[in-house]
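First comes the structure, then the notes that go with it.
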Amino acid sequence: QVQLVESGGGLVQAGGSLRLSCAASGRTFSRYVMGWFRQAPGKEREFVAAISWTGGKTYYADSVKGRFTISRDNAKNTVYLQMNSLKPADTAVYYCAAGSSLVVASTLYDYWGQGTQVTVSS
């Protein structure tokens, strides 16, 4: 079992930055691929970024490539999402998730956090 708790969301102006954190419980954090997803009102949950067990491989949605950076600190059981050059279109609830494969499909992730709201004003 892995429990995930996101933090770091908030209100920011377009062009600004935020860093999301996701703290995981359990001693097996380093065995999981970690992903970030987001869901805007009236839209389906979409993939944002994912990182491999060791952090050596990352994968991003085209919409955030070059602006967002995913990283992890296995010693702290934490995964991060650094978000720069934010746009109003980035407004959503952001979720972190843990799974066993570096994939974009949300259905293949086993554990989910409760989400943190990110609002980008124009």
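Quick note: residue numbers are just sequence positions, from 1. On a predicted model such as this, the values are computed, not experimentally measured, just so you know.
The pair Asp62-Lys65 counts as a salt bridge, with a side-chain nitrogen and a carboxylate oxygen less than 4.0 angstrom apart.
Put simply, the side chain of Ser25 never gets that close to the backbone of Val2: no donor and acceptor are under 3.5 Å apart. Judged by distance alone, with hydrogens and angles left aside, the side-chain atoms of Thr54 form a donor-acceptor pair with the main-chain N or O of Gly56 at under 3.5 Å.
Sequence neighbours left out, the pairs with a member in residues 56-94 that pass ring-ring contact (aromatic ring centres under 6.0 Å, His included) are Phe47-Tyr59. Applying the salt bridge (Lys or Arg N to Asp or Glu O under 4.0 Å) test to residues at least two apart or on different chains, the pairs with a partner in residues 46-58 are Arg38-Glu46. For residues 54-122, every residue pair satisfying the disulfide (SG to SG under 2.5 Å) rule, not counting sequence neighbours, is listed here: Cys22-Cys96.
Both Val104 and Tyr95 sit in one connected hydrophobic cluster of ILVMFWY residues. Membership requires side-chain heavy atoms under 4.5 Å apart, directly or through other members. In terms of hydrophobic clustering, with Ile, Leu, Val, Met, Phe, Trp and Tyr side chains grouped at heavy-atom distances under 4.5 Å, Trp112 and Leu108 are assigned to a common cluster.
Of all heavy-atom pairs between Ser21 and Thr78, the closest is CB-CG2, 4.3 Å. Between Ala50 and Leu102, the shortest heavy-atom contact is CB-CD1, 3.5 Å. In terms of heavy atoms, Ser17 sits closest to Asn84 at OG-OD1, 2.9 Å. Between Leu4 and Tyr111, the shortest heavy-atom contact is CD1-O, 3.5 Å.
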Determine, stepwise, if the pair Ile51 / Val33 fulfils side-chain contact (heavy atoms from CB on, under 4.5 Å). CA-CA 6 Å; Ile51 189 166; Val33 166; over 6 Å; no

Tell me, with the steps shown, if Asp90 and Arg67 meet side-chain contact (heavy atoms from CB on, under 4.5 Å). CA-CA 11 Å; Asp90 296 317; Arg67 299 188 298 122; 2.8 Å; yes

Worked verdict on Leu86 versus Leu18 for side-chain contact (heavy atoms from CB on, under 4.5 Å): CA-CA 8 Å; Leu86 282 161; Leu18 282 175; 4.2 Å; yes

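Gln3 CD to Gln114 CD: the interatomic distance, rounded to the nearest 0.5 Å, is 11.0 Å. Here CE of Met34 is found 11.5 Å from CG of Leu81. Values are rounded to the nearest 0.5 Å. Atom-to-atom distance recorded for Met83:CE and Trp36:CH2 is 8.0 Å, nearest 0.5 angstrom. Here the straight-line distance linking atom CZ of Arg31 with atom OG of Ser100 works out to 13.0 Å at 0.5 Å rounding.
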Could you pull out all donor-acceptor pairs under 3.5 Å where a side-chain atom in residues 115-122 meets a protein atom, sequence neighbours excluded?
from, atom 1, to, atom 2, distance (Å)
Thr116, OG1, Gly9, N, 3.2
Gln117, NE2, Ala92, O, 3.4
Gln117, NE2, Thr119, OG1, 3.3

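Not counting sequence neighbours, the partners of Asn74 by the side-chain hydrogen bond (donor to acceptor under 3.5 Å, both in side chains) test are Arg72. With sequence neighbours excluded, the residues satisfying ring pair (Phe, Tyr, Trp, His ring centres under 6.0 Å) with Tyr109 are Phe37.
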